[in-house]
K.L.:
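First the structure, which I've put down as structure tokens, then a few questions once you've had a look.
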2 protein chains.
Amino acid sequence: MSISKPTIKDVAELAGCGIATVSRVLNNSGPSSLASREKVLAAAEELDFKFNEFGRSLKSRRSKTIGVLVPTLCNPVFADAVQGVQQAAAVHGYDVILTSANYDQETEKTAMETLLAKQVDGVILTVSSPTNSIALRMLKEKHVPHCLIFNQPKDADVSAVGVDNVEAARIVGQKLFELGHRDAAFVAVQFAKSDRSADRYRGFAEIYAKHGLREPELLEVDYAPGDLEIALVNLFETSPSTTALFASNDMLALACIRALRSLGKSVPEDISVVGFDGIAVADLVHPKLATIATPCHAMGSKAAQLLVKALQNNEKPPTGVISLPFEFRCGESLTLAAKKKVAGRAVTRPAAAPATQMQPNK
Amino acid sequence: MSISKPTIKDVAELAGCGIATVSRVLNNSGPSSLASREKVLAAAEELDFKFNEFGRSLKSRRSKTIGVLVPTLCNPVFADAVQGVQQAAAVHGYDVILTSANYDQETEKTAMETLLAKQVDGVILTVSSPTNSIALRMLKEKHVPHCLIFNQPKDADVSAVGVDNVEAARIVGQKLFELGHRDAAFVAVQFAKSDRSADRYRGFAEIYAKHGLREPELLEVDYAPGDLEIALVNLFETSPSTTALFASNDMLALACIRALRSLGKSVPEDISVVGFDGIAVADLVHPKLATIATPCHAMGSKAAQLLVKALQNNEKPPTGVISLPFEFRCGESLTLAAKKKVAGRAVTRPAAAPATQMQPNK
DNA sequence: CCCCGTCGTGGAAACGTTTCCACTTTCACC
DNA sequence: GGTGAAAGTGGAAACGTTTCCACGACGGGG
């Protein structure tokens, strides 16, 4: 319990050799005799020697740390992904510095400045809009290796891991179509601030267009309490034939179900609701939420693996978007479109496909 | 866009002065004339100079980084707290290195080793069991300032921020008692691995003992699918008069509601269910979950503030447990105990107290 | 007019590491 | 028994910063 920690010098002294030898032995980074090897290891053990990472990083110019920037940890989707990054990084001896930007461009910028000041070796991030993100531009300018998650950037010169939001939304659209939903609406929060929402709406609308149907209504709502109810009332006034809602994420989908109930409509008897993300709680509620289950955790760990491998080879992660498999999970909140409103009861209820398991991360 | 970043030396050269002067000016850490002050600032601006944190930390022996260790980010409770830590830390110029231990003692240890190797200035953590946590002991031995969150350690020589789990559970117990629930059970996952669960059971049982009632049944369940159903079936066989369940956290409470439904019992008509934590989704589901709303975010930021202040004064955070206010949120999942089972329908339904708002973090 | 604070300044040492380089030592081989 | 290569070694420089200290200039009071 010395007042200050032992340094490589102390080890050298105790082992009776030079510090260079100690460094070589402890790092396996050069020739060393069996004799000195043993002495050094014994000395290090006895002193409980640990490298000082500052000295190390200062000399080697790498921090063994990767920065993470996400909009928020309150959305379980990002929390899962961060956990994935952290675990995958730990396996390779990398640490994670965490920042969050709360969907705010300015905060994104200052957070990135912090990360860069800490000399992170690379960054994994989700931004509001890849095309005009300041944070992303900073990374490019400073030539810091990075990998996007969740975002699916349009320009192909950046590395990214995500799911194909457009395709996923197409599948939702197709399912709804097959179940007879001819009039559907898309509900989103902060539509303007999320490229994912936009992609999802696009894929969804595409299917409806393909079948010659009217473009789904777009409901952009606020977090303000009551806002959702008002939007839904408006919707049912302008489009009373609406039989399905597609929400841009699961939390919002749950909020929709609650709002519908307060308007005297029940799910799925009167209206079907589909979410997006596949958060854990979606399977616990009643009715079970129909949703697109995305591999958030795997997204994080995959991105971390890509980044770490690139760092070890002293290069950039491979450019281009990697799309991970997702899965349509048919919950109880989705059913056949009610043909006609018969006394507020559902007409038929198809045998719901059993909720399939997510495939394990690999 | 030079190949390597400008150093303090480059700034000194451009400004025509020594590096000591540059350091003094940029850190406001010593006398300097107006003239040199201006020249240095101009030079730093022109070169877009940023301090190298490694050199800085190596010399000053502080990293301006705090380590965080939590069981998992998948539980929104911890995600919120981590977010709180991160935001509060950022305000004071501190960064956060994140690790998670997955409720595993061994992982806890290695995670702590990583944090210590990175020379974090302090640590904020939640451990499985404060009394025999290796990680916690390491912190004490190495004299690294730290602050627990969520945990409520029995020994008073450690700093901690949390809620009074025992008292909160007493309140739940009292509410249940007042609503006529004479036979209740406590449901927990990994009871042995969480001191919080134990505290909650203790407070709950205490109230029942006080009223001369039988000690609530303790159901310890697994995450394995189906396990909860089996446990509940057993419960209703041994204690058919059970009218209420108190779950050790909200996710589990939701799982209970679902399991009960699959057993043909409805909530709250047949059985009342109360959770713990107050996660956001608890308010969205039907029935709204009765729960203890805890200020997770505030817990994180409060701990961060304590720790940062202590670090700045070069001392340890104040020992003792700080208990933050919590709140009983009376959701729809809790109602009067059914007097007798009359045709599977509830007897009465009291006007549910409106779900009160959480007071904002302060 | 000299002395002595005060102020601003820059050289240099230190923080703990990696790594280059030059120096032994060893040993196989002719 | 010389020669050469190969293997092991430690001194020392460098990484970028903070900070101690010594030095010169400058001014006010005796």
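Throughout, protein chains are lettered first and strands after them, A, B, ... in sequence-line order, and every chain is numbered starting at 1.
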K.L.:
Carefully, step by step, assess B:Ser33 and B:Ser36 under the rule side-chain hydrogen bond (donor to acceptor under 3.5 Å, both in side chains).
P.N.:
CA-CA 6 Å; B:Ser33 66; B:Ser36 51; 2.9 Å; yes

K.L.:
Check the distance between C:dT17's C1' and A:Arg62's CZ and give it to me in whole angstrom.
P.N.:
15 Å

K.L.:
Taking atom P of C:dG10 as reference, at what distance in whole Å does atom CD of B:Glu13 sit?
P.N.:
13 Å

K.L.:
Under 4.0 Å, counting only non-hydrogen atoms across every strand here, what does A:Ser29 touch: a base, just sugar-phosphate, or nothing?
P.N.:
nothing

K.L.:
Would you mind reading off the distance between A:Leu34 atom CG and D:dG8 atom C1', rounded to a whole angstrom?
P.N.:
13 Å

K.L.:
Does a donor on one side chain and an acceptor on the other come within less than 3.5 Å for A:Gln87 and A:His297?
P.N.:
yes

K.L.:
So, applying side-chain contact (heavy atoms from CB on, under 4.5 Å) with A:Leu148, which one of A:Leu139, A:Val123, A:Val158, A:Ile124 is it?
P.N.:
A:Val158

K.L.:
So what does A:Ser57 hit on the nucleic acid, given a heavy-atom distance under 4.0 Å: a base, only sugar-phosphate, or nothing?
P.N.:
nothing

K.L.:
Start at the 5' end of DNA chain C and walk down; is the nucleotide closest to B:Cys17 or to A:Asn27 reached first?
P.N.:
B:Cys17

K.L.:
Less than 3.5 Å apart, any donor N or O on the side chain of B:Asn75 or B:Thr72 sitting next to an acceptor on the other?
P.N.:
no

K.L.:
Using a cut-off of less than 4.0 Å, is there contact between a side-chain N or O of B:Thr21 and OP1 or OP2 of C:dG10?
P.N.:
yes

K.L.:
Going by atom types alone, do B:Asn151 and B:Thr126 pair a side-chain donor with an acceptor below 3.5 Å?
P.N.:
no

K.L.:
Can you measure A:Arg24 atom CZ to D:dA7 atom P for me and round it to whole angstrom units?
P.N.:
14 Å

K.L.:
Please tell me if A:Ser33 has a side-chain N or O lying less than 4.0 Å from either OP1 or OP2 of D:dT9.
P.N.:
yes

K.L.:
Is a salt bridge present between A:Asp48 and B:Lys142, judged by a nitrogen-to-oxygen distance below 4.0 Å?
P.N.:
yes

K.L.:
Check nucleotides 13-16 of chain C against the protein and report each pair of N or O atoms closer than 3.5 Å, with its distance, or say if there are none.
P.N.:
from: C:dA14; atom 1: N3; to: B:Lys59; atom 2: NZ; distance (Å): 3.2
from: C:dC15; atom 1: O3'; to: B:Arg61; atom 2: NH2; distance (Å): 3.1
from: C:dG16; atom 1: OP1; to: B:Arg61; atom 2: NH2; distance (Å): 2.7
from: C:dG16; atom 1: N2; to: A:Gly55; atom 2: O; distance (Å): 3.3

